[in-house]
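Here the structure comes first, spelled out in structure tokens, and everything after it is commentary.
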Amino acid sequence: MWLPRFPTDRIERRRPGASAEPRATVISEGNRRRLAAVNRAAAVLGLAPGLGLADAEARLPELAVHPATPEDDRQALIRLAAWCGRWSPWTAPEGDGGLWLDVTGAAHLFGGEAALLSDIAGRLGGLGFAARLALADTPGAAWALARYGASENDGPIVARPGDPKPLLDLPVAALRLPEAIAADLGRLGFGSIGEVAAAPRAALARRFGPSIGRRLDQAFGRIDEPIEPLAPQAALRIRQSFAEPISAPEDIAAIARDLTHALCRRLGEEAQGVRRLAFALFRVDGTLALTEIGTVRPSRDPRHLLRLLGEKLEGLDPGFGVDLALIEARQAAPLAASQIALTGTGAGAGGEAEDQTDMAALLDRLILRLGASAVARYVPRGSHIPESALRRIGPLEPAPADDPAAAAWRPDLPRPIRLFARPEPIEAVADLPDGPPALFRWRRVAHRVRRAEGPERIAAEWWRAGAEDRPPRDYYRVEDEGGRRFWLYRDGPAAPDGARWFLHGLFG
Amino acid sequence: MATLARDGAGRSALVEELKAKIGKIERGRSAEAGALTLDGGGALDRALPWGGLARGALHEIAAVEPGAGIAFAAALAARAAGLAGSLVWITTKLGEIETGLPYPPGLAALGLDPARLIHVRAGRNVDALWAAEESLRAAKPAAVLVEAEAVNLVAGRRLQLAAEAGGGIGLLLRSAKRKDASGALSRWQVAPATAPPTESARAGWRLALAARGAAPMEWPLVEWDHATHRFRVAAALSDRSDRAAPARRVG
């Protein structure tokens with residue numbers, strides 16, 4: 001679909017009744033200022049994008065002029081594309097004023113393709129956006145027809161499947177070619193796509209490169225055109241529209257409950273559980289409020305999912321009202337009925353599976369509030385370097401099998417119970433150049449060492465990158481006069497002046 | 001006054017409520033079978049009114065020195081988790097700056113299986129308390145160890161109620177400098193042992209215990225037995241500490 005006057009429409013949406021006066025946005029190019037977009041009133045009076053501002057004002061002194069805001073327009077287009085998710089999960093912004101919607105399999109929800117398109121046009125029009133819509137077999141054909149196709153009253157165009165004829169009469173510019181190539185083709189006498197398509201392919205490729213052939217193939221569906229959709233594709237989605245917009249928190253909570261239960265039923269039918277779930281509210285003003293929750297293991301327990309969702313619902317602002325709500329399973333995984341614990345059986349009903357499920361429910365709540373990186377467990381890793389001897393993984397993630405040396409923890413080695421992420425530099429005095437420290441100062445407190453064990457030499461692993469730059473460390477376990485025990489190391493050779501000392505961890 | 005203004009029905013409801021509370025306290029006292037034994041019925045268990053560390057309750061570890069407090073808390077948690085339970089350990093940003101991150105290789109040496117440890121980095125103090133309450137209430141972790149500093153009576157009460165609901169052991173670890181009451185059932189003040197440990201590899205602490213409903217006690221050296229994963233009041237001193245009169249100073 002094409003929104004030919006997106007920038008001026010955006011301006012006029014904020015000013016009721018402003019569409020009657022001619023209006024344009026202006027960009028500067030060096031010293032020259034020219035029109036970037038014009039509204040319908042200005043277009044009717046003969047103004048067009050590209051015209052110099054001085055010319056335009058000479059012709060139409062009453063023209064209202066606004067600076068162009070291409071970045072804001074782009075962001076607004078992305079938001080609008082997200083809102084178009086009400087018709088299809090697959091949407092993407094295109095260029096300066098275009099939107100892609102893949103409505104394959106979605107039209108029947110709206111009573112057919114023509115009804116779908118008129119619904120889109122009607123709603124966009126209601127928001128103040130002029131739109132030209134075209135539905136065709138390929139993105140290329142839809143693009144061409146939306147911009148260059150003829151229709152009554154600028155109404156939506158629905159191309160019949162498998163019929164390339166409407167495309168053939170369109171001008172060459174509808175092929176989405178670079179401007180220079182399109183202009184050259186025009187000079188060579190090509191007036192329409194049909195003429196270009198009939199010309200010898202090899203000759204065109206020699207002169208203009210492969211782009212013409214590619215665009216033709218894309219338009220006629222001979223090759224696929226990959227377009228990245230805005231949102232990840234959902235495994236399952238359920239929508240609920242309202243005749244009257246809703247905005248009360250209890251109404252929204254009720255609809256979240258209904259949709260979650262409906263989704264869980266569908267998941268049950270397919271023996272699936274959800275890992276990531278999105279809940280979206282489509283506001284009447286063409287914006288979208290969306291929230292997403294994740295689970296550490298597949299779930300289709302509506303109580304659990306609603307509890308997670310409930311935390312997020314307050315943050316969803318219904319604005320002036322919501323006329324459509326949507327729930328989708330963005331990521332799902334197989335979940336057999338036997339894996340689900342019986343709910344409501346109370347304590348003592350035990351069993352490994354139930355333990356795991358309840359634990360997963362707790363982890364989900366912790367992750368929802370604190371973030372996925374905040375909740376983890378540790379597995380050993382085959383490295384002698386203390387800070388590399390372990391790996392943080394997701395709480396229910398299986399241990400990675402890529403590191404066979406990481407067989408187990410080594411409780412036989414003297415290791416602290418706390419490790420500083422960065423070893424903290426300390427000042428230390430040793431009786432002997434290569435001996436343990438007798439006195440050290442950490443965080444401005446002096447500690448006199450009563451006992452010391454060591455050194456344990458830990459060298460950088462030569463097979464890892466940058467190992468030669470790192471000197472070996474001599475670790476000591478020391479106890480000060482107060483009984484406090486620390487893990488210290490000396491970095492590098494025990495030079496009389498060059499020894500650097502660090503505190504790396506605490507013992508109990 | 002509100003109590004005087006109560007009508008008869010209100011008063012009898014109040015009496016029933018108090019009866020229920022007393023019953024609960026008495027049940028809690030008699031539920032010694034469920035308590036977690038610390039030293040196999042030794043001096044520590046006998047010093048606790050529950051015959052061990054009460055489950056479904058909050059206990060405070062007041063660290064005179066961070067390392068000693070953390071190690072004692074980890075040892076308690078290792079006992080509470082036992083062979084099958086899991087442990088949720090909650091740290092805050094401030095705590096991580098002060099004392100670093102839990103280091104599983106060292107915890108493994110204490111007998112705490114890192115595979116059953118879930119580490120939650122809560123960031124703020126309030127988030128840590130929230131995470132602790134959720135985890136205790138969820139009833140799945142056998143023990144929840146939370147490092148927090150500002151814990152007032154209300155927050156402590158919430159944790160205690162969550163532990164009662166879930167049945168797990170809540171361990172609140174904070175600095176002994178904190179004097180505000182947390183409402184925990186027992187408070188263990190932990191300092192590094194100044195007496196030399198009987199064996200160099202063992203962890204040992206000086207402990208002062210103040211448990212609700214029991215006389216305060218002090219032990220100059222309590223060690224952790226790495227083989228049996230139990231505490232042990234150091235032999236040479238245990239006779240004296242068994243008879244130990246109420247400590248001069250607690251808290």
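Within every chain, numbering begins at 1; the chains are lettered A, B, ... in the order of the sequence lines, protein sequences first and strands thereafter. Basis for what follows: all heavy atoms, side chains included, without hydrogens, waters or symmetry-related copies.
With sequence neighbours left out, A:Arg257 forms a side-chain hydrogen bond (donor to acceptor under 3.5 Å, both in side chains) with no residue at all. Every residue meeting the side-chain hydrogen bond (donor to acceptor under 3.5 Å, both in side chains) condition with A:Arg392, not counting sequence neighbours, appears here in chain and number order: A:Tyr378, B:His119.
Neither the backbone nor the side chain of A:Val379 comes within contact range of chain B, judged by heavy atoms closer than 4.5 Å. Only the side chain of A:Arg443 comes within contact range of chain B, with heavy atoms under 4.5 Å apart. Of the atoms belonging to A:Pro414, not a single heavy atom falls under 4.5 Å from chain B. Both the backbone and the side chain of B:Ala131 come within contact range of chain A, judged by heavy atoms closer than 4.5 Å. With a 4.5 angstrom heavy-atom cutoff, A:Leu419 touches chain B via backbone and side-chain atoms both. Looking at B:Val88, the atoms closer than 4.5 Å to chain A (heavy atoms on both sides) all sit in the side chain, from C-beta outward. For chain A, the nearby part of B:Leu110 is the side chain; its heavy atoms alone come within less than 4.5 Å.
Looking only at distances, no side-chain donor or acceptor of B:Arg137 sits under 3.5 Å from a matching main-chain atom of B:Leu159. A distance-only check finds a donor-acceptor pair linking the side chain of A:Arg418 to the backbone of B:Gly100 [under 3.5 Å].
More than 12 heavy atoms of other residues, nucleotides or ligands sit less than 6.0 Å from atom CZ of B:Arg116.
Remark: A:Glu387 does not engage A:Arg415 in a salt bridge, criterion side-chain N to carboxylate O under 4.0 Å.
Sorted by first and then second residue, the salt bridge (Lys or Arg N to Asp or Glu O under 4.0 Å) pairs involving residues 60-75 of chain B (not counting sequence neighbours) are A:Arg484-B:Glu65, B:Glu60-B:Arg174, B:Glu60-B:Arg187.
Judged by a 6.0 Å distance limit and a 45° cone about the ring axis, A:Arg477 is not positioned over the six-membered ring of A:Phe486.
Across B:Pro141, B:Pro66, B:Gly67, the residue that shares the most heavy-atom pairs under 4.5 angstrom with chain A is B:Gly67. Of the listed residues (B:Ser86, B:Ala71, B:Gly123, B:Pro114), the greatest number of heavy-atom pairs within a distance under 4.5 Å of chain A belongs to B:Pro114. Annotation: maximal heavy-atom pairing with chain A below 4.5 Å, among B:Ala74, B:Ala63, B:Ser135, occurs at B:Ser135. The residue among A:Ser373, A:Gly482, A:Gly505 with the most heavy atom pairs within less than 4.5 Å of chain B is A:Gly482. Taking B:Ala108, B:Ala191, B:Pro104, B:Gly69 one by one and counting their heavy-atom pairs under 4.5 Å with chain A, the maximum is reached by B:Pro104. Ranked by heavy-atom pairs under 4.5 Å with chain A, the list B:Ala115, B:Gly167, B:Gly111, B:Pro105 is led by B:Pro105. Among A:Leu370, A:Ile417, A:Val375, A:Leu413, the residue with the largest count of heavy-atom pairs under 4.5 Å with chain B is A:Ile417.
Tested against B:Leu171 for a side-chain contact (heavy atoms from CB on, under 4.5 Å), the candidates B:Val144, B:Leu145, B:Leu58 yield a single pass: B:Leu145. Under the ring-ring contact (aromatic ring centres under 6.0 Å, His included) rule, A:Tyr475 has a single partner from A:Phe502, A:Trp501, A:Trp487, which is A:Trp487.
A:Phe440 and A:His447 have parallel rings, their planes meeting at less than 30° on a 0 to 90° scale where 60° marks the start of perpendicular. Between B:Trp219 and B:Trp188, the angle of the ring planes stays under 30°, which puts this pair in the parallel group of the 30/60° scheme.
Scanning residues 362-369 of chain A against chain B with a 4.5 Å heavy-atom cutoff picks out A:Leu362, A:Leu363, A:Arg365, A:Leu366, A:Arg369, ordered by number.
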Just do the side chain to side chain contact (heavy atoms under 4.5 Å, CB included) check on B:Phe231 and B:Asp225 with the steps written out, would you? CA-CA 6 Å; B:Phe231 295 96; B:Asp225 186 326; over 6 Å; no
